[in-house]
Amino acid sequence: MANQEEIFKKVVSHAKEYGFIFPSSEIYDGLGAVYDYGQLGTELKNNIKQYWWKAMVQLHENIVGIDSAIFMHPKIWKASGHVDAFNDPLIDNRDSKKRYRADVLIEDHIAKIEEKINKECEKAHKRFGDAFDRQQFVSTNQRVMEHQKQIDEIHARYADCMNRNDLDGLKQLILDLGIVCPISGTRNWTDVRQFNLMFATKMGSVIDDSDTLYLRPETAQGIFVNFLNVQKSGRMKIPFGIAQIGKAFRNEIVARQFIFRMREFEQMEMQFFVRPGTELDWFKHWKEERLQWHLSLGIPAEKYRYHDHEKLAHYANAATDIEFQFPFGFKELEGIHSRTDFDLSRHSQFSGKKLQYFDSELNESYTPYVIETSIGLDRTFLAIFSHALDDEQLDDGSVRTVLRLPAVLAPYKAAVLPLVKKDGLPEKAREIMDMLKYHYMVQYDEKDAIGRRYRRQDAIGTPLCITVDNDTLQNNSVTLRDRDTMQQERIPIDNLFMYLHNHIKPMMLK
């Protein structure tokens with residue numbers, strides 16, 4: 001575990017050192033669980049958004065995008081259930097005066113038992129080598145089977161308490177498991193209470209007369225209340241989808257793990273409207289398609305897994321998470337939910353407006369069912385960034401830090417580097433820079449020795465370095481260096497555009 005913690009610390013420090021992510025309001029000692037994206041982080045974040053938008057909107061003729069307002073009519077959150085049911089179960093330790101999410105304490109306890117299983121598997125793998133069969137080992141090893149039985153029993157009690165909203169049962173489970181406060185080390189717990197996660201604010205010039213508004217805790221409701229606007233103005237036929245990227249806000253008490261859980265975050269969501277009775281087929285379709293999108297980024301399949309929900313939300317009849325193996329374990333990255341007709345029906349009821357679709361094939365009107373795909377942009381950033389960061393041992397014994405970002409997402413696609421700052425090389429490099437910059441994000445760098453400049457570009461994830469030398473002036477060719485292999489090749493300047501185009505083409509289009 002210590003090694004994983006060190007990896008995570010390296011991710012956080014690298015993100016700050018190279019201008020990807022800064023603590024917000026840092027000169028005022030920061031603001032808890034709020035972060036600012038720096039110059040390179042903004043580029044990477046925007047590239048992730050574009051990659052998702054192309055996959056969801058540009059490549060689908062029946063999906064369109066909108067951008068709804070953050071402020072919405074307060075009745076919307078009553079209709080959606082957020083006012084009454086958007087809560088976290090919280091518990092305080094009387095000795096440390098610290099507050100925790102009860103469900104997170106239990107999940108962390110389960111994770112510790114899972115870690116014991118992993119350690120048993122690692123020991124067995126070292127003993128048996130390539131002959132090691134993990135599946136057979138976990139199903140036959142007595143110690144592992146006992147650990148798994150513990151996990152299953154905890155899961156069963158935990159799911160039962162969550163489904164019945166049994167707060168006393170959650171506290172009893174925490175006591176029975178012997179879970180202690182990480183700060184005080186004691187089990188002196190208060191009762192579990194529910195805490196609403198929405199930020200409230202006021203609208204109006206006179207506070208007494210103003211209405212209470214909420215900063216939206218999700219972007220989905222902006223899509224649902226615009227269902228008819230989009231359907232009619234776009235002449236959309238079911239099945240069709242509405243996509244959106246936008247900020248959401250949750251008053252998380254236990255906000256932690258860098259940008260994994262924040263109070264201000266960004267979501268990339270798509271609501272897909274379907275004919276009732278077909279929703280589970282579409283649920284399966286989007287579950288598979290969304291995993292393929294993640295795999296198109298070139299991250300190994302074993303870093304992802306599906307997690308079917310044991311406790312379904314009040315609006316769902318099926319739900320699955322795509323989990324990613326972060327440095328701190330497998331955690332939710334994206335949710336795929338079959339939301340039934342709950343949202344449109346509730347908004348019809350609360351607004352008094354019919355939110356139905358006339359199906360000309362069936363010659364009848366109905367309230368569509370919805371399949372939702374909802375992915376956290378910040379979590380996706382963290383998944384891609386943490387996987388890409390690598391300290392590579394080179395043949396000469398030295399170590400280079402390299403950020404192996406997918407080329408299509410990298411902040412800079414190439415760096416233009418004159419070998420020296422004289423002999424007309426900077427001028428020629430600037431010509432190449434001016435030729436490329438209208439089409440690609442390209443960085444010019446002439447400071448320090450060429451080897452140090454290569455290392456700097458490796459550390460920020462630039463896929464290609466274009467080196468201009470004396471031969472360039474003679475034969476109009478440059479040296480291209482690949483970030484991942486460090487291999488170099490000579491190509492004519494006239495071929496640069498096509499080379500870059502092929503190198504950074506979106507993987508989903510290859």
Side-chain angles (χ1 to χ4, degrees), residues 77-94 98-114 147-181 187-198 214 217-218 220-221 250-256 261 279-280 283 287 305-323 329-332 335-343 345-346 349-350 369-372 374:
W77 305 112
K78 192 75 176 167
S80 67
H82 283 84
V83 171
D84 299 318
F86 192 54
N87 306 303
D88 270 346
L90 300 181
I91 190 169
D92 295 293
N93 182 269
R94 293 188 179 95
K98 292 291 184 182
R99 180 169 288 173
Y100 302 92
R101 274 178 53 177
D103 56 330
V104 170
L105 287 175
I106 296 165
E107 285 169 6
D108 285 350
H109 184 83
I110 292 171
K112 287 176 184 173
I113 303 173
E114 287 176 340
H147 288 323
Q148 189 58 53
K149 186 183 176 191
Q150 271 184 287
I151 290 172
D152 293 341
E153 287 172 353
I154 296 169
H155 262 306
R157 280 185 66 184
Y158 169 52
D160 181 59
C161 290
M162 293 296 281
N163 281 320
R164 293 190 293 110
N165 196 29
D166 181 0
L167 302 183
D168 291 337
L170 277 178
K171 180 184 179 182
Q172 192 57 52
L173 180 55
I174 288 169
L175 293 173
D176 291 347
L177 294 175
I179 295 174
V180 300
C181 168
R187 302 171 192 171
N188 191 8
W189 298 109
T190 64
D191 291 339
V192 179
R193 293 162 296 156
Q194 292 286 18
F195 177 84
N196 195 283
L197 298 176
M198 287 198 293
Y214 298 100
E218 65 177 26
Q221 301 306 320
R250 295 181 185 178
N251 193 11
E252 296 276 5
I253 292 298
V254 188
R256 57 179 187 164
R261 193 184 302 281
E279 72 274 7
L280 293 182
F283 172 76
K287 183 175 160 181
R305 72 182 185 189
Y306 287 124
H307 172 69
D308 295 325
H309 284 213
E310 292 170 4
K311 182 199 174 191
L312 291 176
H314 58 277
Y315 51 74
N317 66 354
T320 293
D321 291 336
I322 295 174
E323 295 185 335
F330 273 100
K331 298 287 183 183
E332 178 192 351
I336 299 95
H337 311 114
S338 177
R339 297 180 72 117
T340 68
D341 62 352
F342 173 84
D343 300 281
S345 295
R346 290 278 288 186
Q349 177 190 336
F350 277 72
Y369 275 46
V370 177
I371 307 302
E372 171 183 70
S374 177

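How far CG of Asp108 is from CG of Asp103: 9.5 Å, rounded to the nearest 0.5 Å. The CD atom of Glu114 sits 11.0 Å away from atom NE2 of His109, with the distance rounded to the nearest 0.5 Å. Distance CD1/Ile154 to CD1/Ile106: 9.0 Å, rounded to 0.5 Å. In this structure, CG in Asp308 is found 9.0 Å from CG in Asp321, a value given to the nearest 0.5 Å. Within the model, atoms CG of Asp176 and CD of Glu153 stand 12.0 Å from one another, a figure rounded to the nearest 0.5 Å. To the nearest 0.5 Å, the span separating NE2 on His155 from CE on Met162 amounts to 12.0 Å.
Gly81 and Arg346 make their closest contact through N-NH2, 4.4 Å (heavy atoms, listed as atom of the first residue, atom of the second, distance). Considering every non-hydrogen atom in both Trp77 and Glu218, the closest pair reads CH2-O, 3.8 Å. Closest heavy-atom contact between Leu105 and Ile179: O-CD1, 3.7 Å. When all heavy atoms of Thr340 and Ala316 are compared, the pair lying nearest together is CG2-C, 4.5 Å. Counting all heavy atoms, side chain and backbone alike, Glu372 lies closest to Ala220 at OE2-CB, 3.6 Å. The nearest pair of heavy atoms linking Arg250 to Pro217 is NE-O, 2.9 Å.
Here the side chains of Asp160 and Asp166 are not in contact, with every heavy-atom distance at 4.5 Å or above. Arg101 has its side chain out of reach of Glu107: every pair of non-hydrogen atoms, C-beta onward, lies at least 4.5 Å apart.
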Go through it in stages, so that I can follow the logic: the residues are Phe283 and Thr320, the test is side-chain contact (heavy atoms from CB on, under 4.5 Å), and I'd like the CA-CA distance, side-chain angles, deciding distance and then a yes or no.
CA-CA 9 Å; Phe283 172 76; Thr320 293; 3.5 Å; yes
Could you give me the CA-CA distance, side-chain angles and deciding distance for Lys78 and Phe350, then say whether side-chain contact (heavy atoms from CB on, under 4.5 Å) is met?
CA-CA 8 Å; Lys78 192 75 176 167; Phe350 277 72; 3.6 Å; yes
side-chain contact (heavy atoms from CB on, under 4.5 Å) between Lys331 and Arg261: does it pass, once the steps are laid out?
CA-CA 11 Å; Lys331 298 287 183 183; Arg261 193 184 302 281; over 6 Å; no
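A search for side-chain contact (heavy atoms from CB on, under 4.5 Å) contacts involving Leu175 returns Lys171, Gln172, Trp189, not counting sequence neighbours.
For the side chain to side chain contact (heavy atoms under 4.5 Å, CB included) with Arg193, the lone residue among Ile91, Asp92, Leu90, Leu167 that qualifies is Asp92.
Both cation-pi conditions hold for Lys287 and Tyr306: the charged atom is under 6.0 angstrom from the six-membered ring centre and inside a 45 degree cone around its axis.
Heavy-atom contacts from other residues, nucleotides or ligands closer than 6.0 Å to CZ of Arg187 number 12 or fewer.
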